[in-house]
Amino acid sequence: MPNYTLYYFNGRGRAEICRMMFAAAGVQYTDKRFEFNEWDRYRKEMPSDCVPVLDIDGNQKMPETMAICRYLAREFGFYGKNNMEMFRVDYICDCLYEILHDYMRYYHEKNGRFRSTMSSSKSSNSSSSSTSTSSSSSSSSSSTSTKSSDKKDGTFVVELKSRYLETCRRILPFLEKTLGTRQYFNGEQMMLCDMMCYCCLESPYMEDHTLFNNYPKLVSLRNRVTAHSKISAYLKKRTVTNW
């Protein structure tokens, strides 16, 4: 078995599905977490400047959430037995990831994390290359940036929330119908897409559970995932974070 290290921020976010698969498979790995203000220390080591990243045996870093998920699902037996089953797992996962993606953009913009991270990064880059730039010019640029950011606060967060809710309204009815009377999306065995249903909808459910009032089958599926012995044990001991 390879030695795995998973790199991500100290949050559930886009990496929680990977952590859950490790738990469900009973596979050991190193859960390397860091805070937003530590990102610059790790950025240069990450392919395409993004996380999550899965390091295999200390010499191969793989980026992109869904690429990592599908690799782990194939390795651990959570991806289906034939091409059609895998196709079904794929489109369900991609639907759920749309919700997660839009929610994460809305959540972090609402809490100012995108702005503070970008501001910090720009400030750092500017200070290292501005030996001939006057302080008055820097002050003016900062003022303009602040005004633009303030304006963004009032409308952009609303737009992102609207987009996220519209994505939910578009996808959740389809997934409810797709699940039907099955125990899990592909029948009797829990797959990647079932764990995605829990992880991708966890924060939205915590923020407003009434959003799921019309989707009792999806809620029941999430409950079945949490009842899995290994996942239940993982959820009880995992690091508690806000997102």
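Only heavy atoms go into these numbers, but all of them, side chains included; no hydrogens, no water, no symmetry mates.
For the residue pair A15 and L6, the shortest heavy atom distance occurs at O-CD2, 4.0 Å. In plain terms, the two heavy atoms of C197 and L96 that are nearest each other are N-CD1, 3.5 Å. Nearest heavy atoms, C93 versus M196: O-CE, 3.4 Å. In terms of heavy atoms, I56 sits closest to P2 at CG2-CB, 3.8 Å. For the residue pair S232 and T226, the shortest heavy atom distance occurs at CB-O, 3.2 Å.
When side chains are defined from C-beta on, F78 counts as touching M21, because their heavy atoms get closer than 4.5 Å. Side chains of T178 and I92 form a contact here, defined as non-hydrogen atoms less than 4.5 Å apart. In this structure the side chain of F9 reaches within 4.5 angstrom of the side chain of W243, judged on heavy atoms. Side-chain contact between R12 and S203: present, with at least one pair of heavy atoms (C-beta onward) separated by less than 4.5 Å. Here the side chains of R19 and Y234 are in contact, with some heavy-atom distance below 4.5 Å. For the pair L211/C168, a side-chain contact is recorded, criterion being any heavy-atom separation below 4.5 Å from C-beta on. Side-chain contact between L218 and L172 is present, with heavy atoms from C-beta onward closer than 4.5 Å. Side-chain contact between C50 and R43 is absent, with no heavy atoms from C-beta onward closer than 4.5 Å.
For the atom pair C69 SG and E64 CD, the distance stands at 11.0 Å (nearest 0.5 Å). Expressed to the nearest 0.5 Å, how far OG of S220 lies from CD of E176 amounts to 8.5 Å. In this structure, CD1 in I99 is found 8.5 Å from CZ in R170, a value given to the nearest 0.5 Å. Here the CZ atom belonging to R14 is positioned 12.0 Å from the CD1 atom belonging to I68, to the nearest 0.5 angstrom. Atom CG of L201 sits about 9.0 Å away from atom CG of L100, to the nearest 0.5 Å. Between E16 atom CD and M195 atom CE the span is 12.0 Å, to the nearest 0.5 Å.
Under the 4.0 Å criterion applied to side-chain N and carboxylate O atoms, R238 and E202 are assigned as salt-bridge partners. Between D90 and R74 no salt bridge is recorded (no basic side-chain N to carboxylate O distance below 4.0 Å). For R41 and E38, the salt-bridge test passes: some basic side-chain N is under 4.0 Å from an acidic carboxylate O.
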What donor-acceptor contacts under 3.5 angstrom involve side-chain atoms of residues 183-192, with partners at least two apart or in another chain?
{"unit_1": "N186", "atom_1": "OD1", "unit_2": "R88", "atom_2": "NE", "d": "3.3"}
{"unit_1": "N186", "atom_1": "ND2", "unit_2": "E85", "atom_2": "O", "d": "3.4"}

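Taking the centre of each ring, H108 and F36 come in below the 6.0 Å mark.
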Handout entry: R169/D102 under salt bridge (Lys or Arg N to Asp or Glu O under 4.0 Å): CA gap, chis, key distance, verdict
Key = CA-CA 13 Å; R169 284 190 286 269; D102 286 352; over 6 Å; no

Handout entry: Pair Y198-L235, side-chain contact (heavy atoms from CB on, under 4.5 Å): steps then yes or no
Key = CA-CA 11 Å; Y198 182 87; L235 293 174; 4.0 Å; yes

Practice task
Verify side-chain contact (heavy atoms from CB on, under 4.5 Å) between V158 and F156, making sure each step is shown before the conclusion.
Solution key: CA-CA 5 Å; V158 174; F156 194 52; over 6 Å; no

Problem - Residues E207, Y103; criterion side chain to side chain donor-acceptor pair (under 3.5 Å); working and verdict - result: CA-CA 11 Å; E207 184 169 300; Y103 177 82; 2.8 Å; yes

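Annotation: side-chain contact (heavy atoms from CB on, under 4.5 Å) contacts of Y205 (sequence neighbours excluded): H209, F212, V219, R222. Residues passing the side chain to side chain donor-acceptor pair (under 3.5 Å) test with R224: none are found, sequence neighbours excluded. For F22, the ring-ring contact (aromatic ring centres under 6.0 Å, His included) partners are Y4, Y29, F76, not counting sequence neighbours. Partners of R33 under the salt bridge (charged side-chain N to carboxylate O under 4.0 Å, His left out) rule, at least two apart in sequence or in another chain, are D31. Remark: E45 engages no residue in a salt bridge (charged side-chain N to carboxylate O under 4.0 Å, His left out) (not counting sequence neighbours).
The closest donor-acceptor contact from the side chain of D208 to the backbone of T210 lies under 3.5 Å. With hydrogens and angles ignored, the 3.5 Å screen pairs no side-chain donor or acceptor of D55 with any backbone N or O of K61.
In this pair, F174 and Y91 present their aromatic rings tilted. The plane angle is within the 30 to 60° band.
Residues M1 and M62 share a hydrophobic cluster, clusters being chains of Ile/Leu/Val/Met/Phe/Trp/Tyr side chains in contact below 4.5 Å. Tracing side-chain contacts under 4.5 Å through hydrophobic residues (I, L, V, M, F, W, Y), one reaches Y79 starting from M84; they form part of the same cluster.
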